[in-house]
There are 2 protein chains.
Amino acid sequence: MSENSTRTAILQAGQELFGEHGYAAVTIKDVAARAGFSPAMVMKVMGSKAELYAASAPSAPVMDHDGVTDEPVGFQLVRRIVARRDRGEPEPWAMVPLLIRDAPDRVAASEEQRSRYVSRIAELIGDRSTHRHKAQLVVCTLLGLGSGLRTFGLLETQQVPSEALIKQYGTVLQSIIDAPAPADS
Amino acid sequence: MSENSTRTAILQAGQELFGEHGYAAVTIKDVAARAGFSPAMVMKVMGSKAELYAASAPSAPVMDHDGVTDEPVGFQLVRRIVARRDRGEPEPWAMVPLLIRDAPDRVAASEEQRSRYVSRIAELIGDRSTHRHKAQLVVCTLLGLGSGLRTFGLLETQQVPSEALIKQYGTVLQSIIDAPAPADS
DNA sequence: ATTATCTATAGATCTATAGATAATGC
DNA sequence: ATTATCTATAGATCTATAGATAATGC
C-alpha cells in the first residue's frame with residue numbers, strides 16, 4: 001500500500017461519515033474503523049481531526065457531466081438530485097449545510113462553499129451578472145430539494161413518481177433561470 | 001426561582017445552542033453556562049442530554065401569526081424568513097435539518113419534524129390532498145431559502161434588497177401554491 | 001534503511017451521580 | 001422540612017503522541 005491509497009481510503013471514510021453525522025459526532029476511531037486502519041494511522045496521515053475534516057469536503061460538489069442531454073439545465077439539475085436519491089447515493093446538496101454548520105471555522109467554511117457552489121451554478125446557467133443573483137436563487141432552490149428529499153424524507157417515490165417530481169420542481173427552477181434579469185444586477 | 005423558570009431558561013439556552021451547533025458539538029456545560037446554572041442543575045432538571053435535546057426542539061416551528069395581511073400566503077412565508085434574517089433572529093427553517101441529522105434517533109426525529117412542518121404548511125396553503133404533495137414542495141422551497149440565507153449567507157441585503165428578494169422568491173413560491181393539483185394526489 | 005502501521009498511554013474532556021449547602025415555606 | 005442549587009468526582013470517552021514492530025526497497 002502506498003501512502004496515497006491509505007490517504008484516499010481515509011478521506012473516503014471521512015467524507016461518508018462527516019457528511020452523514022457532522023464533525024463532532026464522528027470520532028477518529030470511527031473513521032479509522034471504516035477505512036480499515038488504526039486511529040493512530042489516521043492521525044499520522046492527516047495531522048489532526050480538523051485537517052481531516054477540511055480535506056474530507058466533497059470535491060466534486062455539483063456536477064459529473066454524464067450525458068449532456070438536450071433537456072433544459074433546470075430540469076437536468078433536478079434530475080440529478082432525484083436520481084441520486086433513487087440510487088441511494090450521498091447527496092452533496094443535503095450534506096453541505098451540515099458541513100458548514102459543524103466546521104471548526106464556520107465563517108471560512110461558509111464563504112468557501114458559497115463561492116464554490118455559486119460559481120459552478122452561475123457557469124452552468126450562464127449567469128454573468130455582477131452578484132450572480134440568479135445563480136444564488138438557484139442554489140437556494142436546490143439546497144431545499146436536497147434537504148427536503150434526503151434529510152426530511154419528503155416526496156418519496158411511492159407518493160410522487162420521480163418523473164412527475166422532476167417535471168414539477170424542474171419547471172419551478174427553470175422559471176427562475178429564464179426570468180428576465182432584475183434591475184439591480 | 002420556581003423549578004419551572006429554571007427549566008425554561010435551560011430549554012431556551014438549549015434551543016439556541018443546539019440550533020446553532022448541533023447535538024454533539026454542544027455540551028451540558030455550555031448549556032448550563034448560557035442558562036446561568038451549574039451542569040449538575042441541568043442534569044437534575046432535564047434527566048439526560050438526549051432528553052434535553054428532544055425538549056429543546058423549536059416549539060413554534062413556523063408561524064407566529066403576527067399581522068395577517070392581505071398579501072398572498074406564499075409571499076408572507078418568504079417575508080417572515082427574510083424579516084427574521086434582517087432582525088438577526090434564529091431561523092427554524094435553517095435549524096431543523098441540523099436538528100434532524102444530529103438527533104440521537106434520526107429516523108424518529110425526521111418523521112416528527114416532517115409531519116409537523118408539512119401539516120402546518122398544508123393548513124396554511126389549504127392543501128387537502130391525500131399526500132399533501134404541494135405542501136411538501138413548499139416545505140422544500142422554504143428549507144432552501146432558510147439554509148441559503150442563514151447557513152450559506154446567500155442573497156445578503158447589500159446585494160439584493162429585501163423587498164426585491166421577497167417579491168422574486170415569493171413569486172416562485174406562490175406559483176407552486178397556485179399550480180393546478182397534479183393528477184396523482 | 002526506510003516506510004507503513006500498530007499498541008499503549010497521557011492528558012483533556014464529557015456525562016452523570018452522590019452528597020453537601022443554601023434558600024424557602026410553614 | 002422541603003426545594004433549589006452547588007461542589008466534587010467517578011467512569012467513560014476522545015484526540016494526540018511516543019515508541020515498537022512489521023513490511024518494503026535497495
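Residue numbering restarts at 1 for every chain, and letters A, B, ... go by the order of the sequence lines. This structure is a prediction, so every number in the text was calculated from the model and none was measured.
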*Asks:* I'd like to know if A/R85 pairs up with A/E91 as an ion pair, taking the criterion as any Lys NZ or Arg NE/NH1/NH2 lying under 4.0 Å from an Asp or Glu carboxylate oxygen.
*Replies:*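 Salt bridge absent between A/R85 and A/E91.
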
*Asks:* Could you check whether any side-chain N or O of A/K44 sits under 3.5 Å from a backbone N or O of A/P39, counting only pairs where one atom can act as donor and the other as acceptor?
*Replies:*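 A pair under 3.5 Å: no.
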
*Asks:* Provide, to the nearest angstrom, the distance between the CD1 atom belonging to A/I10 and the P atom belonging to C/dA4.
*Replies:*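 About 12 Å, once rounded to whole Å.
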
*Asks:* Nearest whole Å is fine: how far is C/dT15 P from B/M46 CE?
*Replies:*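 Distance check: B/M46 CE to C/dT15 P gives 14 Å.
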
*Asks:* What is the separation between atom CE on A/M41 and atom C1' on C/dT3, rounded to the nearest whole Å?
*Replies:*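 To the nearest whole Å, that distance equals 9 Å.
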
*Asks:* Parallel, tilted or perpendicular: which fits the ring planes of B/F18 and B/Y53, with parallel below 30° and perpendicular above 60°?
*Replies:*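 The rings of B/F18 and B/Y53 stand perpendicular, inter-plane angle above 60°.
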
*Asks:* Within the pair B/T6 and D/dT5, is there a side-chain N or O less than 4.0 Å away from OP1 or OP2?
*Replies:*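 Yes, within the criterion.
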
*Asks:* In whole angstrom, give the distance that lies between atom CE of B/M43 and atom P of C/dA18.
*Replies:*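 The distance from CE of B/M43 to P of C/dA18 comes to 11 Å, rounded to the nearest Å.
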
*Asks:* Which nucleotide in the list D/dT5, D/dC14, C/dA16 gets nearest to the side chain of B/F37?
*Replies:*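 The listed nucleotide nearest to B/F37's side chain is D/dT5.
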
*Asks:* Output the rounded distance in Å from NZ (B/K49) to C1' (C/dA16).
*Replies:*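 So the NZ-C1' distance, B/K49 to C/dA16, works out to 12 Å.
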
*Asks:* Rounded off to whole Å, could you give me the NZ-to-C1' distance for the B/K44 and D/dA8 pair?
*Replies:*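 Distance check: B/K44 NZ to D/dA8 C1' gives 14 Å.
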
*Asks:* Can you tell me the pairing partner of D/dT2 across any strand shown, Watson-Crick or G-U wobble, with both distances under 3.5 angstrom?
*Replies:*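 Because both required distances fall under 3.5 Å, D/dT2 counts as paired with C/dA23.
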
*Asks:* In this structure, how many angstroms lie between the P atom of D/dC6 and the CD1 atom of B/I28, rounded?
*Replies:*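 Distance check: B/I28 CD1 to D/dC6 P gives 14 Å.
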
*Asks:* Identify which nucleotide among D/dA16, D/dT5, D/dC6 has an atom closest to any side-chain atom of A/S48, counting heavy atoms from C-beta outward.
*Replies:*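 Per side-chain heavy atoms of A/S48, the pick is D/dA16.
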
*Asks:* What is the distance, rounded to the nearest whole Å, between atom CZ of B/R7 and atom C1' of D/dA4?
*Replies:*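 Checked: the CZ to C1' distance equals 15 Å.
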
*Asks:* Evaluate A/E51 against A/S48 for side-chain hydrogen bond (donor to acceptor under 3.5 Å, both in side chains), listing each step before the verdict.
*Replies:* CA-CA 5 Å; A/E51 287 171 276; A/S48 71; 3.1 Å; yes

*Asks:* Touch check for B/S38, heavy atoms < 4.0 angstrom, all strands: base, sugar-phosphate only, or nothing?
*Replies:*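 Result for B/S38 = base.
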
*Asks:* Would you please say whether a donor-acceptor pair under 3.5 Å links the side chains of B/D178 and B/S175?
*Replies:*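 Not at all, the side chains of B/D178 and B/S175 share no donor-acceptor pair under 3.5 Å.
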
*Asks:* Closest-nucleotide mapping onto DNA chain C: is A/A40 or B/K29 further toward the 5' terminus? I mean the 5' end.
*Replies:*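 Nearest-nucleotide comparison on DNA chain C picks A/A40.
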
*Asks:* Look through every strand shown and name the nucleotide pairing with D/dT17 as Watson-Crick or G-U wobble, where both distances are under 3.5 Å.
*Replies:*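 For D/dT17, the partner nucleotide comes out as C/dA8, under the 3.5 Å rule.
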
